[in-house]
Structures are given as structure tokens and as C-alpha cells.
Amino acid sequence: MELSAKYNPSATEDKWYAYWLEHKFFHSEPDEREPYTIVIPPPNVTGILHMGHVLNNTLNDVLIRKARMDGKNACWIPGTDHASIATENKVVAKLKSEGIEKESLTRGEFLKYAWEWKEKHGGIILSQLRKLGASCDWDRTKFTMDPDMSEAVINTFVYFYRKGYIYRGIRMVNWDPVGHTAVSDEEVIHRDTVSKFYHLRYFISDGNGNPTDKYIIIATTRPETIMADAAICINPEDERYHWLKGKKVLIPLINKEIPVIEDSYVEMGFGTGCLKVTPAHDVNDYEIGLRHNLPVLDIIDDHGRLNEKALILVGEDRFDARHKIEGMLREAGNLEKVEDYTSPVGYSERTNAVIEPRLSMQWFLKMDDLAREALESVESGKVKLIPDKYRNTYRHWMENVRDWCISRQLWWGQRIPAYYLPDGSFVVEPTPEAALEAARKINPAVTAEDLRQDEDVLDTWFSSWLWPISVFDPEMPGHPDHKPGKDLAYYYPTSDLVTGPDILFFWVARMIMAGNEFMHDVPFRNVYLTGIVRDKLGRKMSKTLGNSPDPLDLIAKYGADAVRLGMLLCSSAGNDILYDEAQIEQGRNFCNKIWNAYRLISGWKTDGDAVQPEASAVAVKWFRNKLHETVALVEDHFSKFRISDALMAIYKLFWDDFCSWYLEAVKPAYNTGIDRKTLEASEEFFEALLKMIHPVMPFITEELWHAMADRQEGETIMLQRYPSAGAYDSVLIENFGNACEAIAGVRNIRQQKNISLKETLELKVRTGFPTEVLPVIEKLANVKVTVTDSFGDTASGVSFMVKTSEFFVPLAGMVDTAEEIARLEAVIAYQEKFLETVRKKLSNEKFVNSAPEKVVAMERKKEADSLAKIAAAEASLKALKGE
RNA sequence: GGGAGCAUAGCUCAGUUGGUUCAGAGCGUCUGCCUUACAAGCAGAGGGUCGGGGGUUCGACUCCCUCUGCUCCCACCA
């Protein structure tokens, strides 16, 4: 059958993925083999595949496929994350577009919509991963809100509550007015933001609530909060304001009287040195308020609007209010001036809303003990971070961690299992039944109807930190004395985790905590932290910039293998990836190269009588050694998670060594058959190469592996053993490399002298050059080689050197003597300079005495080689000059 | 404000205890080729004072100090 000159991925990818699924090659069950386990970083259940996923899951798939081919029992657990805030936002937005407000729904009604949404959109991303070729064990797919997974979360909550780690308290939290929930400190992103610095006049009160003509100036970025001011604060050391001590001032517009207090928190040099204290809307002010017993007046509601306690601008959004109050203050004569000002402002990671510091009742998990142990796990090397520069960051975070705010004012998630009695006390139990029983111990009269469950749900990370445990045995979390199930006992701890550094703390650190707590062992051995995918200008991929390509479009255009290779080419661990479509083109081109190598080999016909040419014999011998050498190199790269280096080594082995040198060396002349030995060796090499590439490019390798031989139904390249590194003869490899250089030398001369490849030339080489590789030179350079001690008339030809071997091509009548003299003189000049530096070293006693023997010997060899080269060049020069 | 990291060819990056002829790779560039696997290709070539300065050493891309320029993380200066 005639094969197309181009590889067509669309014709093969779906076919082979279906084949793999049909034969359950991805499925794993515990057995006597060594397990190799990866849990997927669960993507948002309603998310769509983006380039970051492509990078991450390609790496995961390469590792898992490599392990599978290494004979391990490889298991990659897929699944999705319920992503409370993100998903709830999407559902709320969707309902809103249909004219339904969340507030108008009961919790149950809303959750019904949410589950419908999840059923419709959930899992899209998992099907996209199939397009990429991900070899996940789909039978084990998990979702963080599966009933048993949710149960694990509840049990964990109860466990830590009973342990005394979970408590409830009023805290200043980061309020997200768009998500209508508190978020953790880690979910707040601080960005320098241009705003205004308003200088306001606060008039001194005469004591009866009436303004005098004296005033002080206070600088603030948030004039809309002045109605909640509880005091004005000055530094007690500040002599400028001593006259203010004990006075009262009036809040502009509402004329409310508030005291002047003193606190060293105020910096005299900043702003006007005079601070308005608004305990309800600023973390520091809250602290000051506590010290000075100030009342807390909360004037902003869940949506970020002023409430009735503000007295004015009630119902206005905080930013509208800021704008409006500026005018009102100016009109009232309270606005001294407005300056531009840049200051860090907190934004919600999920909704990008400006965070409103707000007091509220929340649930917290004590972190100190958990963090201490989790730090130890990394410090001791039980968990290795790759690259290890993240250890510093990790340590810093673990040593400064604050208690984890785990409650969220949302409905989509695991509801906190705290049940309130009518008197306000509460019990924490895994089920309503158990809660009732416990409540009756407090008050026997309580009925099920009297109990009210806490309205909040748990932070999503409070479920995903259990992921490496609960996917195998959801009964384990919360029960550290439970006997792990068969799967958990076999697969835990998992082997490697591949994820982004942005969730090192959110997720990785907390998984380590949960692992230590419930399994008394870390959840994984190695954490490979990828970079962030950026565009080629270094900008983050984002929808608004429109610089984020759709991976499925790329797969459709170039093929999944090309996309995978393109992503890996530029991905060294921990470094950001500058994505460029050109890399994916390179991947496509590589597919094509593989495809065409197959076309060549598959077209060869054996000629039963043909004996193996010498050139083929040495090429076969050389490539076998080269293959062994490269496998060893690749294994070394893999062991150090240098995936892109491993890939490049294979890429060069295939393209340069196999295609450009080996195949050209053994390729039979036009219309002639090939000998059996060479054909068999070629097929063996090609198959080994396919196996080496398979983890990175699963589709094309499966296609060609099947095409090259009669395979049985149920056979697959993905379960073949990865080629093993055998011994190799580095002398042969070097000799062959020198032969290649000699070939290049002749080709170079041909190009310079414009001599066609079809014209056979003479090539002389000095005795001593390994004769074994000469047939290859003869074939690929189209030369007739003579080994000799004497080049004869070197004036009528061109010489060149490979390492220390001298070659000569007689070219009667074609030599530009002047040019050749100039070239040789340049060689001599360069070598003499080089020789000088070498001799300088060797004449330095300190060098000779203190440097290792090997290094000194090397310098002596350099000296000898250089002398030889000079001698050769000088001889040629002499001949040219006719001396 | 605190901490960490980076700076090597036009671009993206390797360079693994300071020592192989070590200044590298891929891509791009230039030159010549539609050569019977592949022009998404083949052959060949050019290209860098390893950010600046100083120091340690027989020897520094590699270790130390300093300057400059980027990046990231953490952080409550209104």
C-alpha cells in the first residue's frame, strides 16, 4: 500500500485510544509488581482544558507510560474537583441570565441546579484529556463530591474537631463581595493599585457635638468608610498633635462625635500622621479597636454595599459611594485635597473582586502542629521538591502559617457538620442522627426539628487535601487507626506528583499534612513543580488577552503527539514555559520524520543473495552501541526528572543518528535489494526507537509499531518493555563520529568547489585512522579512500583535519593556491596561540604540582596534538608555496 | 518593606562536587540543493569577552563580594 508522504494524526489517534480503552490497558489492580502511582491534580469539574493542563498532564502521562514500560504496575487516578467558589459563581451567573436570583432559591433548589450543571459540564475536561492521550485509569475516576468522598471530608472535620484543632470564632476575614463568602489568606492576591489619597478635614468638637473652627487633616484611601470611624488616632510621641489629646472630633457629613486616641501604631511620617480608626473595615484598625475598646460599626453588607448603619448613601456600592462621597465632602468643605496614590490592594483569586476586610464568625483549623510535621517531611527529604529551590519558599510558608479559615459562605460543597441547639450551643457529629443523639445529652427535650445545621460549607482544599488517600479508601480520612483498604495499602504513598508551584501551599503542603495525620506517611515521594505557561512575550495566558490557544484546536491542527512534544521541548522543571506554536510545528515535523523513516524501511525488499556491505556492517554495529549509550543517558535524565533533556536525547538519536547517519549508511542503491542482516537490524532499531519515544508520542508509535509487523489483537507498544541500556563501545562511537566529521569535511569541500556529489573523489588519510569506519566514509562522501603515510603532491588538493587525523582530497587544477595558503596560515596562527596558552600552563610548576594528574596529562596531549597540527599545516603550506 | 531566584548565540535554554580540544543544544539565520523516505526535507556554514566590576585559586560560566537589570513569592503602612 502506498503511504502518504505526510503523517495524518486524525486517522490514527481516536482509533488507538479506543483500542487502549477496549483492552483496559490503563486499568490497574494491585498485584505482586512494584506499584507506580500518580494522582491527577483534579481540575475544576466544570473547567475547560487549557495549556497549563496540557503541560501538566503530558508530563504525568509521560511518567506513567514510562513506568508502565518499565514493568511497574502503573496507576494514574483521574478525577475532578468541585471547586466551590468557581462552580457556584458559574451556576449563579447562569441562573441570573435566566432571570433567577440565588437569593430567591432555597438551598435545596439551588443545589439541584448546581448538580444539573455539574452533570452537563462536568467531565468535559476529562474527555479532553483523552484527546491528549492521557492514560488514566478511568474506571477509578473520582469526584471530590462523590458521596463517599464527601463522607471522608465530614469525618475529617469531626476528627479534627474532637482533637481540638477546629474552633469557631469571630475574626477579621477576607470577604469576597462578589462570591459572597470569606476566603482564606492564601486566596487573596495583593496587587499595587492606583487609587486616590483623600485628605479630609475633621473638625474639632466643642464638646457638645458642634464644630469649632479648628480641624485636623486625615489622609485616607477609603472615604466611604468614615461613617464607621470609631476614633482618630495619633502617635503619643507626636508633638504636632499634643494639643489634640483628650479632644473629640466630628465625622464629616454625619457629625458624629468620636474621640482622639493615642497609639504607637501610627507612624508620624506617613500621611498626615493622623489616622482614622475604622475597626469594622480594616484589619489594623480592628486591632487598635481591641486595644482601646472601641465600638465596631459594620456599615458594609455582603455585597459590598453601604447598609443603613452608614446613615448616608445607604444601598450604594462601596466604589460608587466613594465617588459620591468625594463630591459631598468637597461641597461640605471637608475635602482638603486629593492625590493620586498607589497602594497594595487585596483581590479575590477566584472572582477578582476587591477584598473587603470584614468581621465574621468562621471556622478555623489550627495549623501549628500540622505545619511543623509537614515542614519536617520536606526538610528531611521524605518528600523531594523538584526543583529544590522551592524548599525555601515552602519553609518560609510553613514557619509563618496562620490558622486556616475553612468555612465558606456558599452552598456548593460539603456542609459543615455542626448542629445548633435552640440555646445556641452546638454539637459536631458526622450525621444528623448522631447529632440529635449528642444534642439530647445536652438537652433531652431537643427534637430533630430543633437542630439547625451550620449554613456554611467547607473550603474546597479541605476536601482535596485528602485526595491521595480518599481516592483509594474514603473510609480512611478521619480514622487514623482504620486499617487501610487493599488499594490504599498497595498504592499509597503515591510515587510522583506533578503540579504547578502556585498551589504548593494550597494543595501540596496540605496533602502532606493530611497524609502525615491519617497515614503516618507522606502522600508522595517527589513533587515535580512545572512552570507556568506563558505566551512567547512572557505574558500569562489569559482570556482577556486572547493569547491562550485552545488545546483541542491545536490537537486538531497538528495532532496530539505534536502538541505533547511541543510542550515538553521547552519545559525544564520549575521554569516558566514560553509557549510558541513553532514548537508544536517542530513536534509535527518530528512526527513526519518518524513517519518517513518508516516509509523508507518498510519499502525495502530483501535480496536473498545479497551479502551485507561493509558500510552497513559497521553502521549496524555502531548504531547498536549508540542506542545503548543513549538509553543510559535517557534513563539518567528521567531519574532526575529532566524530561525535556531526555526527550531531546531521543529526538537527536532518531533524527540525527538514525535518519541522517544510520539510514543513509545502510540505504541500498536504487532498485537493489537489501541484505537480510541489515534489514533485520534496521527493523530492530526502529522498533527500539518507537518504544523510546512512546511515552511522549503514544499515538504515532502505536500506529507504526502495529504497521511494521503482524501484531495480535490485544498487543500494544505501551506494554512492551522500554529498551534497556546495555554496554557500549565508546571507542567505536568516537571513531564513527570522526568518520562523520570526515564526511562533512568532504561535503564542505564539494560545496566550496562546487563539485557534485555524483562525482567520486579521491580521499587520502594518514595511516592510523581507524579503518573499520572507512567504508561508511566512502559511501556517504562518495570517495575512494586511500590510507597512506604520504599525501604526495599536496599542492594540488585540499587538506583538512578531524581531531588529530589529517585528510587530503586531490583536486588537480581546482585549487586556489592563494586562498589555500591563507587558510593554512590561519590554522597555524590559531594553533600557535593555542599552543602558547597550553605551554604556559605546563611551564607553571604550581599547575603541574597541584592539578590532578589526569588534567595535566590532558594538557600534554593538547600540546602534542597542537604540534602535530602545526607540522601538518606547515608541510602543506611548504608544498603549496613550492618550497 | 521582607525573602527567593534569574542574567550564557538572534530566540528559548543546558552546562550535574572549579579542570577532558568546553563555551554547548534546539529553533531561527545564511549558502547550495525539488538527490529515487521526508522541501514540514537534505547538505554545509556563520554566530557568544558566559550582564558590569572586584576577589579567592595553578586554573572561574562554575565559589565569594559588589553594582546593574528582570522575575517570582510573602507582607496590614492609613
Side-chain angles (χ1 to χ4, degrees), chain A residues 3 5-7 172 185 190 197 218-222 233 265-267 269-278 282-287 341 343-344 346 357 387 389-390 392-393 396-397 400 501-502 504-505 532 536 538 558 562 569-572 574-578 580 582-583 585-586 588-604 636 640 642 644-645 648-649 651-652 659-660 663-664 667 669-671 743-745 747-752 754 756-758 803-804 834 838 841 844-852 854-859 861-862 865-866:
Chain A
L3 289 172
K6 306 258 187 287
Y7 168 62
M172 186 64 88
D185 293 336
H190 292 270
F197 215 16
I218 285 148
T220 179
T221 54
R222 303 204 56 191
C233 190
Y265 167 78
V266 177
E267 290 211 16
F270 189 83
T272 61
C274 208
L275 171 73
K276 77 186 197 68
V277 183
T278 319
D282 186 278
V283 179
N284 303 300
D285 292 10
Y286 180 66
E287 300 290 326
Y341 184 68
S343 62
K389 67 178 177 185
Y390 285 106
N392 290 330
T393 329
H396 184 262
W397 191 76
N400 295 283
D502 48 334
L504 182 56
F505 311 132
I532 293 165
K536 61 178 167 186
Y558 297 105
L569 273 176
C570 53
S571 65
S572 48
N575 287 341
D576 284 357
I577 313 274
L578 298 193
D580 186 346
Q583 285 151 354
E585 283 179 33
Q586 195 181 343
R588 177 201 56 188
N589 295 353
F590 189 46
C591 287
N592 227 16
K593 191 70 184 175
I594 298 171
W595 181 254
N596 278 294
Y598 170 72
R599 282 214 305 153
L600 177 66
I601 296 172
S602 66
W604 283 343
D636 184 54
K640 292 168 182 157
R642 297 164 164 262
S644 60
D645 287 344
M648 188 47 67
Y651 180 91
K652 287 197 281 192
C659 294
S660 298
L663 287 179
E664 293 299 332
K667 196 182 203 173
Y670 185 55
N671 259 344
I743 293 162
R747 285 170 174 170
N748 195 8
I749 290 169
R750 283 182 188 276
Q751 177 156 349
Q752 280 169 8
N754 206 12
S756 162
L757 180 63
K758 294 189 173 105
K803 300 288 188 303
T804 56
F834 180 73
V838 173
K841 261 191 190 176
N844 182 338
E845 267 182 51
K846 282 185 180 171
F847 170 73
V848 180
N849 293 335
S850 46
K854 256 171 84 179
V855 176
V856 178
M858 194 55 64
E859 291 299 316
K861 182 166 183 337
K862 282 188 200 173
D865 291 352
S866 186

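Here is how names work: the chains are called A, B, and so on, in the same order as the sequence lines, proteins then strands, and each is numbered from 1. Keep in mind it's a predicted model, so treat the numbers as computed, not measured.
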Tell me the partner of B/U31, counting only Watson-Crick (N1-N3 plus N6-O4 or O6-N4) or G-U wobble (N1-O2 and O6-N3) with both under 3.5 Å; none if nothing fits.
B/A43
Exercise: identify the closest heavy-atom pair between A/Met172 and A/Pro357:
SD-C, 3.6 Å
I need the CZ-P distance between A/Phe847 and B/A60, as an integer number of Å.
12 Å
Test for a donor-acceptor pair under 3.5 Å between the base of B/U31 and the side chain of A/Gln751, counting only N and O atoms.
yes
Set out, in order, the CA-CA distance, both residues' side-chain angles and the distance that settles side chain to side chain contact (heavy atoms under 4.5 Å, CB included) for A/Trp595 and A/Lys6, then state yes or no.
CA-CA 7 Å; A/Trp595 181 254; A/Lys6 306 258 187 287; 5.8 Å; no
Think A/Lys652 has a side-chain N or O under 4.0 angstrom from the OP1 or OP2 of B/A25?
no
Earlier contact from the 5' end, RNA chain B, for A/Gly273 and A/Asn392:
A/Asn392
Please state the C1' separation for the pair B/A75 and B/U68 - nearest whole angstrom.
26 Å
Atom-to-atom span, CG of A/Asp645 to P of B/G24 - whole angstrom:
18 Å
Counting the atoms with a prime plus P, OP1 and OP2 as sugar-phosphate, which does A/Gln586 contact under 4.0 Å by heavy atoms, base, sugar-phosphate, or nothing?
sugar-phosphate
Side-chain N or O of A/Tyr265 less than 4.0 angstrom from OP1 or OP2 on B/C76?
no
Phosphate OP1/OP2 of B/C13 contacted by A/Ser644 side-chain N/O (<4.0 Å)
no
Considering only atom P, compute the distance from B/G52 to B/U57 and round it to an integer number of Å.
23 Å
I'd like to check A/Thr393 versus A/Phe505 (side-chain heavy atoms, cut-off strictly below 4.5 Å). Are they in contact?
yes
Look at the side-chain N and O atoms of A/Arg642 and state whether any lies under 4.0 Å from the OP1 or OP2 oxygen of B/G15.
yes
Under the 3.5 Å rule, do the base of B/A37 and the side chain of A/Glu664 count as making a donor-acceptor pair?
yes
Is A/Tyr651 near enough to B/C27 that one of its side-chain N or O atoms lies under 4.0 angstrom from OP1 or OP2?
yes
Any donor-acceptor N/O pair, A/Asn596 side chain to A/Asn592 backbone, under 3.5 Å:
yes
Applying a 4.0 Å non-hydrogen cut-off, can you work out what A/Tyr558 is touching in the nucleic acid: base, sugar-phosphate, or nothing?
nothing
Hey, does A/Ser660 reach any base, or is it just sugar-phosphate, or nothing, if we go heavy atoms under 4.0 Å?
sugar-phosphate
Give the nucleotide from the list B/U21, B/A75, B/A37 with an atom nearest to the side chain of A/Lys593.
B/A37
Distance, rounded to the nearest Å, where A/Leu504 contributes CG and B/C72 contributes P:
17 Å
Considering only the P atoms, how many Å lie between B/G19 and B/C64, rounded to the nearest integer?
15 Å
The Watson-Crick or G-U wobble partner of B/U56, with both key distances under 3.5 Å, is none
Taking the six-membered ring for Trp, are A/Phe197 and A/Tyr341 parallel (under 30°), tilted (30 to 60°) or perpendicular (over 60°)?
parallel
Who is the Watson-Crick or G-U wobble partner of B/C6, with both distances under 3.5 Å?
B/G69
Taking atom P in both B/C61 and B/G51, compute the distance separating them and give it to the nearest angstrom.
10 Å
Between A/Asp282 (side chain only) and A/Thr278 (backbone N and O only), is there a donor and an acceptor less than 3.5 Å apart?
no
Please classify the nucleic acid contact of A/Val848 as base, sugar-phosphate, or nothing, using heavy-atom distances under 4.0 Å.
nothing
Picking from B/C58, B/U21, B/C74, the nucleotide nearest the side-chain atoms of A/His396 would be B/C74
Which listed nucleotide (B/U20, B/A75, B/G19) is nearest to the side chain of A/Met858?
B/U20
Using 30° and 60° as the class boundaries, would you call the ring planes of A/Tyr651 and A/Phe590 parallel, tilted or perpendicular?
tilted
Counting side-chain heavy atoms from CB outward, which of B/U36, B/A43, B/C74 is closest to A/Arg747?
B/A43
Considering every strand and a 4.0 Å limit on heavy-atom distances, what is the contact class for A/Ala582: base, sugar-phosphate, or nothing?
nothing
Could you give the distance separating B/G2 and B/C77 at their C1' atoms, to the nearest angstrom?
14 Å
Of the candidates B/U21, B/C76, B/C38, the side chain of A/Asn284 sits closest to B/C76
Between the side-chain atoms of A/Arg588 and the base atoms of B/A40, is any donor-acceptor pair under 3.5 Å?
yes
A/Asn844 (side chain) and B/C58 (base): donor-acceptor pair under 3.5 Å
no
Any base atoms under 4.0 Å from A/Cys659, or only sugar-phosphate, or nothing? Heavy atoms, all strands.
base
Using atom C1' of each nucleotide, how far apart are B/A23 and B/G15 to the nearest Å?
9 Å
Could you state the NE2-C1' distance from A/His190 to B/C73, rounded to the nearest angstrom?
12 Å
Shortest non-hydrogen contact between A/Thr272 and A/Ala219, atoms and distance
OG1-N, 3.9 Å
Rounded distance (Å) that lies between atom C1' of B/G3 and atom NZ of A/Lys389
14 Å
Whichever of A/Leu663 and A/Leu578 has the more 5' nearest nucleotide on RNA chain B, that residue is A/Leu578
Measure from the side chain of A/Thr220, starting at C-beta and using heavy atoms only, and say which of B/A78, B/G26, B/G19 lies closest.
B/A78
Closest to side chain of A/Asn748, choosing from B/A45, B/C58, B/A37:
B/A45
Value in whole Å for how far the C1' atom of B/A45 lies from CG of A/Asn754:
15 Å
Does B/A78 have a Watson-Crick or wobble mate here (both distances under 3.5 Å), and if so which one?
none
Side chain of A/Asn589 only, please: which of B/C76, B/G41, B/A37 is the nearest?
B/G41
Heavy atoms only, 4.0 Å cut-off, all strands: where does A/Leu275 land among base, sugar-phosphate and nothing?
base
Could you give the distance separating B/U17 and B/A60 at their C1' atoms, to the nearest angstrom?
15 Å
What integer distance in Å separates A/Lys841:NZ from B/U21:C1'?
11 Å
Expressed in angstrom and rounded to an integer, what is the separation of A/Lys276 atom NZ from B/A78 atom P?
13 Å
Looking across every strand, which nucleic acid part, if any, lies under 4.0 Å from A/Ala744 by heavy atom: base, sugar-phosphate, or nothing?
sugar-phosphate
Could you check whether A/Thr393 gets within reach of a base, just the sugar-phosphate, or nothing at all, counting any heavy atom under 4.0 Å?
sugar-phosphate
Out of B/A78, B/C38, B/G5, whichever nucleotide has its closest atom nearest the side chain of A/Ala5:
B/C38
Mind checking the C1' distance from B/G54 to B/U29? Whole angstroms is fine.
37 Å
Ranking B/G19, B/U21, B/A75 by distance to the side chain of A/Asp865, first place goes to B/U21
Is A/Thr278 touching bases, backbone alone, or none of the nucleic acid, heavy atoms closer than 4.0 Å?
nothing
Is it true that atom CG of A/Asn754 has more than 12 heavy atoms of other residues, nucleotides or ligands lying nearer than 6.0 Å?
no
A/Ala562 versus A/Arg588, closest heavy-atom pair with distance:
CB-N, 3.3 Å
